[in-house]
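First up is the structure itself, then whatever we jot down about it.
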2 protein chains.
Amino acid sequence: MVQNMAARRADMADRLGRSAFELFAREGLEGANLDEIAAHAGVTKGSLYWHYGSRQELVLAACNHYYRRWQRQVHAVLAPLTDPMARLRRALDFSVRSCVADPANRRFTTGLFALMQSDAAVRSSWFQFYDTVREFYLGLVAAAKAAGVFPPGDARPRVDLMLEAMEGLKLRAAFEPHIADPDEQAAVAAGLLEVVVGRPGSHTVQYGGKPAASRRGAKGGGA
Amino acid sequence: MVQNMAARRADMADRLGRSAFELFAREGLEGANLDEIAAHAGVTKGSLYWHYGSRQELVLAACNHYYRRWQRQVHAVLAPLTDPMARLRRALDFSVRSCVADPANRRFTTGLFALMQSDAAVRSSWFQFYDTVREFYLGLVAAAKAAGVFPPGDARPRVDLMLEAMEGLKLRAAFEPHIADPDEQAAVAAGLLEVVVGRPGSHTVQYGGKPAASRRGAKGGGA
DNA sequence: TCTGGACCATACCGATCGGTACGCGGGGGA
DNA sequence: TCCCCCGCGTACCGATCGGTATGGTCCAGA
């Protein structure tokens, strides 16, 4: 019974964190207030301030919810795949789609980046998440390398560059919505793959029979 | 005298726009209020609402100030250079430095990106600026191409990718400040240059003291 | 000199919102 | 059965801030 109480307590705290994330993602970090967050979780502000001491704590809880959701989603997306290069492609496709075709994701993360500039707690929270994402992609690249793909040089700056481009892509998707078109998404994902593992043909690659329907490969400039 | 009045009017409007940009860059778009913006310009809110009809108009004025300032700065930085490749390198260095070593720049732009998600006027304003920046870099790449550098494929997606990485770099600099170190800045700029014009040695290049083995010879750019 | 309007200061309003004080019900332990 | 405290609701406070109403001042033109 005592663990039942503890479970109910943790459950409500989690519900409040999820509610905060959903409303922050829908109305922005500055747009959603604590009353509607509590109402969206089925309680009132009294309960909210019982579980969280301040608004900032709730923001960090929403961040943790976002991080865990990302890990669950990317794990679910990669679960049925075993080929390292296919897993890398799929991960990039998923990330690109999340960035360009999910306005809620954009609203939440852009609000976080704005808050991050003057909030050290949010900064370090996001930094830990970014580090896990980077290590995740480094693992994918290492697996691809072990499977016969040989990207030149060190993988870490390439993954960093790819992740920077991914975040910049998320920003650009806000004012150039045409990059959410499926073919544009594929082209962008191909470009990011190229950033990570190098240009196809410039070194030994083995990945899939898919001829990469990217217009980037048109190469009509010289010939 | 009538143009004197008009000049004074435009001058005060510009002072207010500049004051808004400075305080938005110092305290964030949500952190600065209209009273201190007016006080920083030497007037009060009554004058502010005479020149601008709402807070959003003032934000757009601050944006225009930011855009013009960027163009002035980049023009001043590139003015003494004539070699196309050196101009491209210098532009990238300047942009990277602005992104990673200028917290005020980061605060302003991140606030803009957050606001952009729910403000169409800010979106289109930034889109126009982004387009001018893209065309500017496309011009630099075209000049380099005419001078003997042959990046593979179309330059436009490469410039887009570079600008996306630049914005992502700005975000990352907030929570990984070590990339503001001079050597890291140089490495990042080199990576962005590689994104735009390709890897040195993988095609014909002529820039600064790095004599690449030209395999395909001088194949005149557009001719 | 008179007048009107541009320009700006002052004072104020009202809505919003984070945070707090306090009361209450209900479940678990003695 | 009694009591205690956890979890939560209700009501409220106070500060902030965008926006407005109003009046004053100075200059240009008639």
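Owing to the predicted nature of the structure, the values given are computational and were not obtained by experimental measurement. First the proteins, then the strands, lettered A, B, ... as listed; each starts at 1.
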Mind calculating the distance between [atom1] ([X]) and [atom2] ([N]) to the nearest angstrom?
| X | N | atom1 | atom2 | answer |
| --- | --- | --- | --- | --- |
| B:Tyr52 | C:dC7 | OH | C1' | 15 Å |
| A:Leu48 | D:dG9 | CG | P | 10 Å |
| A:Asp11 | D:dC8 | CG | P | 10 Å |
| A:Trp50 | C:dT20 | CH2 | C1' | 14 Å |

*Any side-chain N or O of B:His51 less than 4.0 Å from the OP1 or OP2 oxygen of C:dA6?*
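Checking C:dA6 against B:His51, no side-chain N or O comes under 4.0 Å of OP1 or OP2.
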Can you list everything that forms a side-chain contact (heavy atoms from CB on, under 4.5 Å) with [X]? Sequence neighbours excluded, please.
| X | value |
| --- | --- |
| B:Ala173 | B:Val100, B:Arg106, B:Ile179 |
| B:Glu57 | B:Tyr52, B:Ser54 |
| B:Ala146 | none |

*Applying side chain to side chain donor-acceptor pair (under 3.5 Å), which residue pairs with at least one partner in residues 107-116 of chain A are found, sequence neighbours left out?*
A:Thr109-A:Lys170
*Got a donor-acceptor contact below 3.5 angstrom from the B:Glu167 side chain to the B:Leu163 backbone?*
no
Distances under 3.5 Å only, N/O to N/O: pair up the protein atoms with those of nucleotides 22-25 of chain D.
none

Report all side-chain donor-acceptor pairs from residues 182-193 of chain B shorter than 3.5 Å, counting only partners two or more places apart or in another chain.
| from | atom 1 | to | atom 2 | distance (Å) |
| --- | --- | --- | --- | --- |
| B:Glu184 | OE2 | B:His178 | ND1 | 3.1 |
| B:Gln185 | NE2 | B:Ala180 | O | 3.0 |

*Please determine, for the side chain of B:Val43, which listed nucleotide (C:dA9, C:dA6, D:dG9) has the closest atom?*
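The listed nucleotide nearest to B:Val43's side chain is C:dA9.
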*Between C:dC8, D:dC8, C:dG19, spot the one nearest the side chain of B:Ser47, thanks.*
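Side chain of B:Ser47 sits closest to C:dC8.
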*With sequence neighbours excluded, give me every salt bridge (charged side-chain N to carboxylate O under 4.0 Å, His left out) pair touching residues 44-55 of chain A.*
A:Asp35-A:Lys45
*Can you list the residues that meet the ring-ring contact (aromatic ring centres under 6.0 Å, His included) rule with B:Phe108, with sequence neighbours excluded?*
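Counting only residues at least two positions away or on another chain, B:Phe108 forms a ring-ring contact (aromatic ring centres under 6.0 Å, His included) with B:Phe21, B:Tyr66.
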*Give the B/S/- string for nucleotides 10-18 of chain C, one per nucleotide from 5' to 3', where a protein heavy atom under 4.0 Å of the base yields B, of only the sugar-phosphate yields S, and otherwise -.*
B------SB
